[in-house]
Structure formats: structure tokens, C-alpha cells
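Bear in mind that the values here come from a model prediction, so they are computed numbers and not experimental data. Quick note on labels: first sequence line is chain A, next is B, and so on, each numbered from 1.
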Amino acid sequence: MSLFRWLTGKRRHRAMAPALLVVGLFLIGGIYSIAAPPNNATASNARSALIEEGKNIFLRGCSSCHGLNAEGGSIAPSLIGVGAASVDFQVATGRMPMGDMSVQAMRKKPVYNAQEIAALAAYVASLAPGPAIPTEEQLDYERDGNVAEGGELFRTNCAMCHNAAAQGGALTAGKYAPTLMGVEPVHIYEAMITGPQAMPVFGDRAITPEEKLSIIKWVKSVESEGNFAGASLGKVGPVTEGLVAWVVGIGALIAIAVWLATKAR
Amino acid sequence: MSNQLEPLADPGLPHHVHRKADTDPKAEKRAERQVSILFLLSTAGTLLFIYSFIWIPTDLFVFLPLFGNINAHNLGIGAGLGFALFFIGAGAVHWAKTLMPDEEVIAQRHEMRSSDEDRASFVATVKAEAGKVQLGRRSMIKRSLGLALGLVGLSPIILLRDLGPLPEQRLLKTTWDTGVRIVTDPGNRPIRPEDLEVGAIAHVLPQIDDPEHRKLSDIAKDAAILIRVRPAELKLSEERMSWTHEGIIAFSKICSHMGCPVALYEQQTKHLLCPCHQSTFDVPTGAKVIFGPAARPLPQLAITVDGEGYLVAAAPFNEPVGPSFWERNI
């Protein structure tokens with residue numbers, strides 16, 4: 001009781017009001033930290049930290065073309081609503097940032113590491129909803145894919161641009177459909193749902209997720225299978241085959257003809 | 001100056017130069033050895049062929065630089081047989097060039113015509129034998145033989161029937177008709193407009209009762225594509241605009257040039273390319289030809305949605321799909 005009396009006696013002290021304020025704030029903060037669901041708070045804190053980090057990377061590395069708010073500009077499209085999947089595809093395959101402003105972004109060594117790419121993806125995804133990065137569970141093509149069905153889907157939907165053996169092919173004005181050999185399954189999936197550059201979108205309702213996994217499984221089977229009939233010559237069909245037939249084949253025949261006609265000494 | 005041109009004197013054969021193997025016994029031995037080595041290489045090739053065929057498993061792959069992962073079984077068979085044949089030839093050629101006689105020999109040409117006596121005796125023989133088979137007397141055989149030969153001659157003409165029958169309406173009509181649902185190819189799932197994002201392309205076929213047994217000859221006519229763009233990007237006449245649905249536009253996938261599947265779609269330029277001859281069609285203007293040998297735009301299919309919200313054909317194609325043909329009027 002003497003403490004209370006002592007406090008009452010000091011109630012008009014000029015330090016009393018600030019002291020009460022400090023005590024009150026601590027009290028409210030303390031009660032809140034106990035009462036509020038702590039997990040959610042840290043997760044959303046971590047998330048906003050990631051978005052914040054992504055925004056910083058974006059401002060430094062991307063905004064000169066894509067605009068300070070990712071609204072796009074005269075040389076680069078808006079990124080609002082393209083989704084995390086698009087960012088992961090473009091940045092993790094090294095296509096973005098673009099090395100040179102030629103006809104199309106090329107696959108190269110990525111500039112950013114996985115953490116930075118995740119941050120960028122989180123930032124762009126926070127601008128507007130868009131396709132998300134598929135999870136490991138969604139990408140188990142060995143379990144959920146059917147290689148024969150994948151081949152059929154590939155031949156109808158993909159082969160005309162990417163070549164019947166997924167080796168890539170030419171488009172117009174110097175553009176090309178890249179080879180799919182050595183491409184991560186997640187990036188094949190993301191390319192289908194986002195339609196990067198000249199590629200059209202193959203959404204999950206037009207080609208179901210299971211069908212996408214079948215396509216991936218087929219591409220992976222082509223990648224791992226050896227050549228049964230000698231050199232594949234790039235599996236691009238009559239162009240290299242004709243080149244080899246004319247240059248190597250006819251060259252060898254000419255050499256043999258010359259040898260035949262030379263008189264022995 | 002004389003008007004008489006002197007014919008060139010016959011230069012005769014050049015002086016014969018002997019080969020080393022003709023004069024030097026050492027060189028002769030060496031050449032002999034070389035020929036045998038070539039033949040032995042051929043033997044090794046055959047042995048490789050036999051070994052590969054019997055003992056190399058068919059699923060064994062080996063890595064060769066420049067060639068990649070190659071099936072060892074097929075490689076052994078092919079290379080073995082190749083070497084076997086090549087080195088027999090090489091050995092024979094080398095043998096002929098170094099060791100076989102190479103002295104020039106003059107072989108006179110003779111007249112091709114047989115002697116008069118031979119010709120006269122041939123005619124006499126034929127006449128005598130023909131009399132013996134009594135063809136003139138056995139008229140039944142003669143006539144039936146004539147009939148048989150005549151009918152045999154008719155058979156190639158009968159085969160010409162396979163050029164027909166005329167295609168009738170088959171080139172003019174496809175399975176697409178008013179109210180026929182549009183389904184995915186492959187998968188045969190009906191499609192709703194919301195299934196296609198802007199920038200999407202879908203390869204489609206008409207819905208039929210038994211999609212497992214769809215005829216290839218029908219797919220060759222029915223194959224179509226759905227492309228979704230922003231409606232404002234379409235530059236079409238009012239009628240053609242009414243054939244689209246919320247920016248979804250449908251075209252025949254069969255090139256109007258040679259009938260290849262036109263399916264390279266560039267989402268950014270909104271161009272459709274034919275992989276065979278690079279005909280390029282501009283989607284927003286109704287697949288107008290902007291490059292290449294195609295003479296007509298791709299036929300546009302009028303589409304709409306049915307009561308359940310699925311995309312359907314609003315009408316059949318208003319023109320024949322695919323390349324030109326003789327009876328095509330438009």
C-alpha cells in the first residue's frame with residue numbers, strides 16, 4: 001500500500017505523464033503480442049520483407065525498362081498481372097534482364113540467385129494476381145505424366161514451332177522457338193501457363209495440369225533417350241541430313257573417284 | 001598459203017611408264033602386303049558385324065564425340081558391314097592399280113551385223129519350225145490365244161478406275177455444323193470461353209459421338225484453331241465480328257495453299273505461320289495472307305456459346321477448307 005501512496009504523492013510530478021505513457025504503451029504492446037496470432041504476423045512480415053526486397057531489386061535491375069511501378073514502357077511490357085510464374089521463367093532461365101535488345105530474349109546464365117528471384121516474383125505477384133509458380137508436388141511428372149499422351153499432345157500443340165523432337169525451330173524475322181533440351185520441368189510448365197514472348201498461352205483449362213506433366217515427361221524421355229540409328233544430326237530433319245549427304249557423302253564419293261582414276265606409280 | 005588443211009598426225013600411245021611394283025621386287029612385295037591388309041580389314045569388319053549382331057545387347061548405348069549417345073548394337077552392325085564391303089572394294093582397286101597387268105592392249109572393234117549365212121539359216125529355221133507347230137491349222141488355239149492376250153491388255157485400263165470415284169461433296173463439306181461443340185485435340189473436352197486466356201491458342205476438332213474412332217480423313221478437314229485476343233484488337237467487318245466470341249476467333253487449321261496444318265502462332269505479332277512454305281496469316285484481320293504462297297485467307301469458322309456455356313460452331317464453314325481443287329468455285 002505504501003507504493004500506491006508513494007505514487008499518489010508523486011502524481012503531480014512532471015515526469016509522471018511521460019512515465020505513464022511509456023508504461024501504457026508497453027502494456028498495450030505486451031497484451032497485443034500475447035493476444036494476436038504470432039505465426040501469421042511473422043509470416044506476413046517475412047512476406048512483406050520479401051516483397052520489399054523484391055521491389056528493391058526491381059528498382060535497381062528492372063525499372064529502367066519496365067517502369068518504376070512495373071507499368072511498362074515503350075521498350076518493355078507492363079508486368080502487372082503477369083504473375084510469379086512469368087518472373088520465375090524469365091529470370092531463372094536468364095532471359096531477363098535482357099543482355100541485348102535483339103529480336104528475342106535468349107536463355108543464358110541467370111543474373112540473380114534463387115533468393116533474389118523469389119523476391120522479384122513475390123513483388124510482381126503482389127502487384128496483381130497472375131499465374132503462380134507450380135510447386136514440387138504439382139510437378140511430379142514421373143508419377144502423374146503419361147509419356148504416350150504427352151507425345152500426342154506435343155505433336156498437336158508444340159511440335160510445329162519447337163520441332164517434332166523438341167529441338168527448337170525458326171519463326172519469323174529472326175525469332176525462334178528454343179530447344180527444350182536441358183530445360184527444367186518447372187520452366188517448361190511456366191512457359192505453357194504464361195506464354196512468354198512469341199509463345200501463346202496454354203492455360204490449365206485448355207491443357208490440364210496432368211496433360212502438361214505428360215508433355216514434360218515426353219520431353220524428358222526424348223532428352224534422355226539415345227540415338228538408335230547412328231548420329232542424330234541435331235534431330236532437325238532434312239536440313240542437316242541433306243547437308244551431311246551433300247558435303248560428307250558426295251565429298252567422300254568424289255575423293256574415292258579421284259583415287260580410282262589416279263594411276264599408281 | 002595452202003587451202004589444204006593437214007590432218008593431225010596420229011600421236012599414237014604415250015610411252016608406257018612402268019610402275020614401281022613392276023620393276024622393284026620390294027615395292028611389289030609391299031603392294032601385295034597392302035592389298036592383303038585391306039582384305040583382312042574387310043574380314044575384321046565382317047567379324048565386327050557378326051559379333052555386334054550376336055553379343056552386343058540391343059539396349060546398350062555408347063557415347064561418341066560429335067555423334068552423341070549411339071546404340072552400340074546398330075552401330076556395330078552398320079559399321080562392321082560397311083567396313084567389310086568397303087575394304088573388299090578398296091583391296092580390289094589397289095590390287096588392280098599396283099599389281100595386275102597394266103600394259104596397254106589394242107582391242108579391235110568388229111561389225112555388229114551377223115553374217116549373211118547366219119541370217120539366212122535363222123530365217124529358214126523359224127519358217128520350218130512354225131510349219132511344224134501347225135498354227136495355221138489349229139485355229140481354235142490361235143483365236144483363244146488372241147482373246148487371252150487381248151483381255152490381258154485390258155487390265156491396265158480397268159485399273160484406271162481407281163482414279164475415281166469423284167469426291168462429290170467431300171471436299172466441300174466438313175463435320176462442322178450449327179451447334180456442333182468445339183472440343184480439344186487431343187482430349188475431346190468441350191471448351192468454355194473462360195478456358196482460354198488472352199494470348200492463348202487451342203487446337204480443336206468438332207465433337208462427335210465416337211471420338212476414339214475419328215477418321216484421319218475427317219481430321220484432315222475438320223482441324224481448327226481457337227485464338228483469343230483482346231476484342232478491340234480485331235479488325236473485322238461487322239459480319240465477321242459476329243462470328244467471334246469475346247475476342248475468341250476460330251480458323252480452319254488447314255493451309256489454303258497446300259493443306260499443311262497452319263499452327264505456328266506468334267502471340268506478340270498475332271501472326272499464324274504455315275511450317276511448310278512460310279505462308280503467314282494475320283489473325284486480327286481475319287487471317288489475311290501477309291506473306292508466302294497462300295492465295296486465300298484461312299476460312300473463318302463462326303462460333304458462339306450454347307445454353308451450357310460451351311463454345312459451339314454457329315454455322316458450317318462458308319467455303320471449302322484447305323487448298324484449291326478443280327471443282328472449287330470460290
Asker: Hey, what do you get for CZ (A/F202) to CD (B/E197), rounding to the nearest 0.5 Å?
Answerer: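 A/F202 CZ to B/E197 CD: 11.0 Å, rounded to 0.5 Å.
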Asker: Taking B/I227, B/T58, B/T280, B/D195 one by one, which has the highest count of heavy-atom pairs under 4.5 Å against chain A?
Answerer: B/D195
Asker: Counting C-beta onward and ignoring hydrogens, is there a side-chain heavy-atom pair between B/I225 and A/P200 closer than 4.5 Å?
Answerer: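 Counting from C-beta outward, B/I225 and A/P200 never come under 4.5 Å.
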Asker: Anything in residues 81-92 of chain B with a heavy-atom distance to chain A below 4.5 Å? Please list those residues in order.
Answerer: B/F86, B/A90
Asker: Where does B/R189 contact chain A at under 4.5 Å (heavy atoms): side chain, backbone, both or neither?
Answerer: side chain
Asker: Contact part of B/V262 toward chain A, heavy-atom cut-off under 4.5 Å: side chain, backbone, both or neither?
Answerer: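 Neither part; nothing is under 4.5 Å.
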Asker: Got a donor-acceptor contact below 3.5 angstrom from the B/K97 side chain to the A/T262 backbone?
Answerer: yes
Asker: With a 4.5 angstrom heavy-atom cut-off, which part of B/E194 approaches chain A: side chain, backbone, both or neither?
Answerer: both
Asker: Could you tell me whether a side-chain N or O of A/R205 sits under 3.5 Å from a main-chain N or O of B/L196, the two making a donor and an acceptor?
Answerer: no
Asker: So which heavy atom on B/P186 is nearest to which on A/N157, and how close?
Answerer: CD-ND2, 4.2 Å
Asker: For A/L171, does its backbone N or O pair with a side-chain atom of B/E266 as donor and acceptor, under 3.5 Å?
Answerer: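 Checked: no pair found.
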Asker: Which atoms of B/K253 come close to chain A, meaning under 4.5 Å heavy atom to heavy atom: side chain ones, backbone ones, both, or neither?
Answerer: side chain
Asker: Does B/R192, at its CZ atom, have more than 12 non-hydrogen atoms belonging to other residues, nucleotides or ligands within less than 6.0 Å?
Answerer: yes
Asker: Quick one: of A/E211, A/Q197, A/E225, A/R155, who has the most non-hydrogen atom pairs under 4.5 Å with chain B?
Answerer: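 It is A/Q197.
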Asker: Are the side chains of A/M160 and B/L273 in contact, using a 4.5 Å heavy-atom criterion?
Answerer: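 Counting from C-beta outward, B/L273 and A/M160 never come under 4.5 Å.
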Asker: Has B/Q267 got a side-chain atom pairing as donor or acceptor with A/M199's backbone, closer than 3.5 angstrom?
Answerer: yes
Asker: For chain A, which residues from residues 64-75 of chain B lie under 4.5 Å away (heavy-atom distances)?
Answerer: B/F67, B/N69, B/I70, B/N71, B/N74
Asker: When rounded to the nearest 0.5 angstrom, what is the spacing between CG in A/L153 and NE2 in B/H203?
Answerer: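 It comes to 10.5 Å.
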Asker: With a 4.5 Å heavy-atom cut-off, do A/T172 and B/Q278 have their side chains touching?
Answerer: no
Asker: Is B/D59 close to chain A through its backbone or its side chain, or both, or neither, when contacts mean heavy atoms under 4.5 Å?
Answerer: neither
Asker: Under a 4.5 Å heavy-atom cutoff, which of B/L226, B/V17, B/D185 has the most pairs with chain A?
Answerer: B/D185
Asker: Would you mind checking which part of A/L233 comes under 4.5 Å of any heavy atom in chain B, side chain (CB onward), backbone (N, CA, C, O), both or neither?
Answerer: neither
Asker: Less than 4.5 Å to any heavy atom of chain A: does that hold for the side chain of B/F61, its backbone, both, or neither?
Answerer: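 Contact with chain A involves the side chain of B/F61 alone.
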Asker: If every non-hydrogen atom of A/A170 is compared with every non-hydrogen atom of B/L264, which pair is closest and at what distance?
Answerer: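 Closest pair (atom of A/A170, atom of B/L264, distance): O-CD2, 4.1 Å.
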Asker: So, for A/K263 and B/D102, which heavy atoms are closest and what is the spacing to 0.1 Å?
Answerer: NZ-OD2, 3.8 Å
